[in-house]
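Here the structure is a predicted model, which means the values were calculated and not measured.
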Amino acid sequence: MTASTNSVRIGVRRQAIWCAALGAMLVAAIPFGSAKAAGKLIAVRFGKLVDGSGRVQQSPLVVIEDDRVKSVLPQGAPVPAGVSVLDLSQYTAIPGLIDVHTHMSYLFDDQSGLKPIEQFLKRSSAVTVFLAQRNAQRTLETGVTTVRDLGSFDGMDLSMRELIRRGAMMGPRMLVSGLPLFATDEAPKPGQPVLPGAADGPAEVMRLARQQVASGVDQIKVVASTGGYDDVTGFQTFSFEEIKAAVDVAHRAGKRCAVHSYGPSGARDAVRAGADSIEHATDIDDATLAEMARRRIYYVPTIDHNRYYADNPKVYGFTSDAVSNLRAFIPKNFETARRAFRMGVPMAMGSDAVFTMFGENTLELGWFVKLGMTPAQALSTATTQAAALLGMEKSVGTVAPGYFADIVAVDGDPLQDINVVLHKVRWVMKGGAVVVDRATRRP
């Protein structure tokens with residue numbers, strides 16, 4: 001599911017409570033646990049480091065100052081004077097992972113008797129942001145320390161981003177897109193306002209895209225086709241001119257543009273328009289894939305999210321026909337991703353995590369290995385490749401001096417078995433703070 005037209009069709013109403021008020025309350029709270037006192041050095045010894053640059057180092061000592069890696073010392077190098085050392089030498093270190101397609105504010109409250117979408121519509125935004133800390137924590141537990149969040153409402157994603165930045169909420173570093181832009185898809189109702197995010201024609205798309213930029217988003221999200229939730233159709237809804245209008249606004253503002261398209265025509269026009277990434281699309285023709293490879297336009301296939309929906313029909317109230325459609329979509333998605341990989345299209349890991357899917361963010365990597373990637377290549381889609389898509393290749397995705405101290409310790413060798421990354425995360429550091437610690441106890 002995306003921050004999709006499906007949710008909007010149900011009629012998302014603007015909430016009266018601004019999430020900024022919640023932020024003001026939470027900022028006064030005690031910040032979540034830190035690995036060290038500010039300004040002091042700490043060091044962590046690992047058995048092995050797969051650093052994200054292609055290098056594998058044996059028994060390195062990673063020295064951290066504040067939120068950054070200060071140095072990576074080789075085996076046998078002396079420990080700097082006055083530096084305390086944490087021994088994780090039984091584990092392999094990898095960079096903090098990056099999930100480039102999430103919806104962190106899509107919260108499932110298991111105390112409610114309502115279906116997930118019904119909950120989302122009826123609950124106030126402030127309550128949603130507060131409870132969505134659960135989504136954020138479960139994401140960290142998978143080793144994901146940075147996310148690109150592709151669609152929310154009422155500024156909930158911006159509020160979560162700010163709370164996490166301030167240390168008032170524990171969660172991954174967030175790059176947010178605010179309201180998704182989509183074509184009008186239902187008749188107006190008397191007395192009801194125009195649905196937020198709806199735009200028709202290039203001029204209207206430009207206006208709404210500029211509003212999103214003004215709100216402080218990190219990127220623009222465009223919904224260029226049907227599809228999402230239990231809908232696996234891919235009918236193009238935005239024209240080339242409309243998609244290009246959004247892309248141009250984003251690029252002029254120094255931001256990137258992600259385009260949702262379940263079908264090939266929306267993807268083709270998004271590539272022509274110069275989008276930075278294509279989300280979900282199946283049956284993309286070879287000429288379009290070749291152009292994506294040439295222009296370094298990323299493909300984010302989100303194969304696993306339809307597996308997740310098909311495995312959880314009771315949560316969503318899906319019919320058996322809907323489940324059959326979801327399962328039939330997966331091979332098409334998989335085959336398109338395999339062709340894209342073979343043609344050299346850059347790819348990044350995106351889970352499309354919503355509601356109860358948080359905690360399964362990295363299962364997409366298993367699909368990547370099945371389609372032909374080595375474990376190292378799959379890992380790069382959640383580290384260096386994902387960082388490049390976000391324009392953060394100088395700060396995340398690698399364990400090296402000057403980068404954020406985002407480090408994950410896994411039990412085993414991720415270059416031999418990608419399942420080590422999926423199921424054996426033992427310890428997570430984000431920006432120099434330990435946010436997950438299972439290193440002292442075994443499952």
Side-chain angles (χ1 to χ4, degrees), residues 23 26-53 55-98 133 136-137 139-147 160-175 383 387 392-411 425-441:
L26 289 181
V27 167
I30 298 173
F32 288 96
S34 174
K36 56 183 173 31
K40 291 187 178 180
L41 297 175
I42 66 164
V44 188
R45 175 78 67 189
F46 297 101
K48 184 188 294 184
L49 169 63
V50 179
D51 70 4
S53 72
R55 296 180 61 199
V56 178
Q57 301 181 54
Q58 299 295 328
S59 195
L61 187 70
V62 181
V63 182
I64 297 147
E65 183 174 26
D66 296 325
D67 62 349
R68 303 273 177 165
V69 175
K70 181 176 177 63
S71 59
V72 180
L73 303 178
Q75 183 176 12
V79 177
V83 176
S84 60
V85 177
L86 175 62
D87 183 11
L88 294 179
S89 56
Q90 69 270 47
Y91 300 118
T92 299
I94 60 175
L97 303 174
I98 304 165
Q133 294 178 79
Q137 178 61 35
T139 297
L140 288 173
E141 290 169 358
T142 68
V144 169
T145 53
T146 301
V147 301
M160 290 185 71
R161 181 190 67 183
E162 181 63 16
L163 291 168
I164 290 169
R165 281 180 177 174
R166 288 171 176 255
M169 177 184 287
M170 182 184 287
R173 190 174 296 106
M174 290 181 66
L175 280 73
T383 54
M392 298 181 70
E393 59 270 40
K394 299 298 184 183
S395 58
V396 297
T398 303
V399 180
Y403 284 70
F404 282 115
D406 295 352
I407 309 171
V408 177
V410 297
D411 191 358
V425 169
R426 299 290 181 251
W427 181 92
V428 181
M429 171 178 279
K430 177 210 159 190
V434 177
V435 292
V436 176
D437 189 356
R438 300 175 180 137
T440 58
R441 53 186 195 275

- Check: Lys430 side chain, Gly171 main-chain N or O, donor-acceptor pair, under 3.5 Å: yes
- The single option from Val399, Val434, Asp51 that satisfies side-chain contact (heavy atoms from CB on, under 4.5 Å) with Ile407 is Val399
- Partner of Pro172 by side-chain contact (heavy atoms from CB on, under 4.5 Å), out of Val147, Thr142, Ile98, Val435: Val147
- Between the side chain of Arg45 and the main-chain N/O of Ser59, is any donor-acceptor distance below 3.5 Å? yes
- On a heavy-atom basis, the closest approach of Gly397 and Ala387 is CA-CB, 4.3 Å
- Task: Report yes if the side chains of Asp67 and Phe404 come closer than 4.5 Å at any heavy-atom pair, otherwise no.
- Result: yes
- Taking it one step at a time, do Arg173 and Met392 satisfy side chain to side chain contact (heavy atoms under 4.5 Å, CB included)? CA-CA 12 Å; Arg173 190 174 296 106; Met392 298 181 70; 4.1 Å; yes
- Indicate the atoms forming the closest heavy-atom contact of Glu141 with Val425, along with that distance. O-CG1, 3.7 Å
- Can you measure from CD1 (Ile94) to NZ (Lys48) and round to the nearest 0.5 angstrom? 12.5 Å
- Query: Pick from Asp411, Val44, Val408: which one makes a side-chain contact (heavy atoms from CB on, under 4.5 Å) with Trp427?
  - Reply: Val44
- Which heavy atom in Lys394 sits nearest to a heavy atom in Tyr403, and how many Å separate them? C-CE2, 3.5 Å
- Message: Just verifying a value: how many Å separate Glu162 CD and Met169 CE, rounded to the nearest 0.5 Å?
- Response: 11.0 Å
- Donor-acceptor contact below 3.5 Å, side chain Asp406 vs main chain Gly431: yes
- Gap between atom OG1 of Thr92 and atom CG of Leu49 - 0.5 Å precision: 9.0 Å
- Task: Heavy atoms only: give me the nearest Ile64-Ala405 pair and the separation to one decimal.
- Result: CG2-CB, 3.7 Å
When the side chains of residues 71-89 are checked against the rest of the protein, which donor-acceptor pairs come out under 3.5 Å, sequence neighbours left out?
from  : atom 1 : to    : atom 2 : distance (Å)
Asp87 : OD1    : Ser89 : N      : 2.9
Asp87 : OD1    : Ser89 : OG     : 2.7

- Query: Would you say the side-chain atoms of Asp66 pair up with the backbone N or O of Arg68, donor to acceptor, closer than 3.5 Å?
  - Reply: no
- What is the minimum heavy-atom distance between Ala400 and Val69, and which atoms define it? O-CB, 3.3 Å
- Please confirm whether the backbone N or O of Arg426 pairs with a side-chain atom of Tyr91, one donor and one acceptor, at under 3.5 Å? no
- Rounded to the nearest 0.5 angstrom, the CD-CG distance for Glu65 and Leu41 is 5.0 Å
- Message: Assess the residue pair Met174 and Thr139 against the criterion (side chain to side chain contact (heavy atoms under 4.5 Å, CB included)); give the C-alpha distance rounded to whole Å, side-chain angles, the decisive distance to 0.1 Å, and a yes or no.
- Response: CA-CA 11 Å; Met174 290 181 66; Thr139 297; over 6 Å; no
